[in-house]
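Order of listing sets the numbers, starting from 1, for every ligand and every atom in it. This chain uses plain numbering: 1 for the first residue, then up along the sequence.
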Amino acid sequence: MRKTLYLKFILAYILFAFFGFFTVATFVSRLTYEYCLRNTSRDMYREASRIADTYAVDLYNSEISLDTVQKQMESLSYFMDTEIWIINPSGRMVVNSASAPDPEQEIVVEGFDPTVTQKNYYTRGTFFDSFEEEKLSVIAPIINNYKTRGYVIIHKSAAQIDEDANSMLNISYLMLIVILFLSLIILIFFTEVVYRPLRRIIAATEQYASGNMHYELNVEGEDEMGYLAASLGYMARTMATFEDDQKKFIANVSHDFRSPLTSIRGFLEAMLDGTIPPEMHEHYLGVVLNETERLTKLTNSLLTLNNLNTRGMILQMTDWNINDVIRKVAASFEQVCRGKNIRIHLILSGEILYVQADMDKIQQVLYNLVDNAIKFSSSNSEIEIETTEKGGKVFVSVKDSGIGIPKEDQNQIWERFYKSDLSRGKDKKGTGLGLSIVREIIRAHGENISLVSTQGVGSKFTFTLRRSDRNDELDDDDL
Ligand code: ADP
């Protein structure tokens with residue numbers, strides 16, 4: 001395709017040049033010749049008529065001598081580069097600018113017929129065999145007292161007219177060459193501006209198609225080509241990032257699946273070959289169970305994330321009481337909290353606070369945040385869950401006095417599989433997916449989540465939700 005496009009341009013140019021020359025050589029040359037012939041013959045006829053009305057009439061009226069007329073015609077014909085005759089209706093030569101007729105020797109144009117020009121001013125040929133070469137001849141009648149007394153005939157060499165036409169035609173050829181040259185400039189310009197960038201874009205698309213998304217596409221300019229190249233480059237970069245993320249994601253998933261599987265296998269083999277004595281089996285089966293729990297959790301989180309992403313997250317928006325849901329979530333952690341002696345303190349704005357959101361998904365957010373808060377808190381500490389209202393929004397925060405998150409990690413914790421170094425020791429079951437799920441859900445609601453954390457002091461996650469109008473109805477009822 002690439003080659004043919006360029007060839008098509010060249011072919012179009014060659015055709016253009018060929019038809020240009022063809023047109024000039026045929027139509028234009030004919031038109032030019034006809035134009036020259038018409039113009040010259042008209043001028044000659046005008047001159048012949050003038051002579052007929054002046055010198056010739058005077059000659060026939062004997063007001064001027066034959067000799068004078070002969071001399072006048074000689075100088076006139078020299079000046080006009082023509083041959084001028086004055087002849088009688090019978091064809092007898094009276095005046096000839098080429099050589100004065102001898103009175104002794106009569107010269108007669110045999111077969112002379114003044115109607116030879118027919119509808120034109122002129123006739124082309126040897127003029128009744130009077131010349132060897134072709135002539136263009138015009139005939140003007142000499143009329144005196146309503147009678148045709150003779151004719152003024154002017155001859156001009158036909159070769160001379162052809163020559164004039166050819167020089168005019170040369171100008172047309174020259175113009176054509178100039179036009180061809182200018183269009184060649186346009187072709188070169190077009191090649192530079194469109195064809196070369198297009199080729200580079202095609203080369204880039206071939207690279208992208210073969211999977212090399214890191215290929216650099218260099219097409220500058222603010223025209224359509226530049227815009228196309230920039231869009232294509234942007235697309236490739238996005239895909240490259242996407243591809244890198246994908247690879248990273250798979251590497252992380254594989255790693256997170258492999259380590260519990262390796263340890264499960266290790267323990268089971270040890271039990272089978274007797275390395276672990278039967279009395280210790282119960283303890284190690286507990287460890288194995290723990291590992292399978294971790295795998296289940298990981299699989300569930302992955303499924304949740306996948307559903308959130310692929311379905312573009314369909315939210316079931318309803319009005320519900322966030323304070324009530326917070327109480328339920330806190331209650332579900334009672335057992336775990338008791339084990340670590342952690343107290344969950346609820347600072348809720350009243351009994352009822354309606355929000356408009358997807359209840360199941362927000363419940364999952366709360367669950368993940370409280371789960372993290374407990375995991376990263378030390379024993380005998382307190383966790384605060386607070387709700388406040390402000391400007392049509394409901395702010396929900398989960399605050400702990402745990403290990404905190406280092407500043408440099410605070411942007412990364414939202415990424416899939418990210419676990420800070422600090423947490424690794426504390427939370428062996430963590431998947432690093434909890435906060436990604438939280439962020440996806442909050443984003444899908446068009447809301448925000450923020451984090452304030454100090455290492456060694458604690459963390460506070462706060463997210464917003466839309467306050468429901470049902471709260472206003474409540475107030476009215478209360479009134
Ligand atoms: P995980 O399942 O590992 O907890 P998350 O995505 O929920 O995954 O959290 C990612 C990382 O963010 C955790 O490994 C931990 O390092 C950090 N983190 C999350 N919440 C807290 C918190 N309340 N206190 C301290 N660190 C936290």
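Under a 4.0 Å criterion applied to the non-hydrogen atoms of Tyr418, ligand 1 contributes the atoms 10 (C), 11 (C), 14 (O). Atoms of ligand 1 found under 4.0 Å from any heavy atom of Gly432 (numbered from 1 in listed order, with element): 1 (P), 2 (O), 3 (O), 6 (O), 8 (O). In the vicinity of Lys375, heavy-atom distances shorter than 4.0 Å reach the ligand 1 atoms 1 (P), 2 (O), 4 (O). Interface of Ile405 with ligand 1, defined as ligand atoms under 4.0 Å from a residue heavy atom, comprises 18 (N), 21 (C), 25 (C), 26 (N), 27 (C). In summary, the atoms of ligand 1 found under 4.0 Å from a heavy atom of Leu435, numbered by their order in the structure, are 5 (P), 6 (O), 7 (O), 9 (O), 12 (O), 19 (C). Atom numbering of ligand 1 starts at 1 in the shown order; those under 4.0 Å from a heavy atom of Gly434 are 5 (P), 6 (O), 7 (O), 8 (O).
Here the options are Gln356, His445, Glu447, the test is side-chain hydrogen bond (donor to acceptor under 3.5 Å, both in side chains), and the partner is Arg466; only Gln356 passes.
Looking only at side-chain heavy atoms (C-beta outward), Tyr227 and Val219 stay at 4.5 Å or farther from each other. Between Val325 and Ile362, the closest side-chain pair of non-hydrogen atoms is not below 4.5 Å.
Salt bridge annotation for Arg327-Glu351: present, with a cationic side-chain nitrogen under 4.0 angstrom from a carboxylate oxygen. Note on Arg443 versus Glu440: no salt bridge recorded, every NZ/NE/NH1/NH2 to OD/OE distance being 4.0 Å or above. Under the 4.0 Å criterion applied to side-chain N and carboxylate O atoms, Arg338 and Glu334 are assigned as salt-bridge partners.
When only interatomic distances are considered, the shortest N/O to N/O separation between Lys297 and ligand 1 does not fall below 3.5 Å.
Closest to atom 19 (C) of ligand 1 by heavy atom, among Ile403, Asn372, Leu433, is Asn372.
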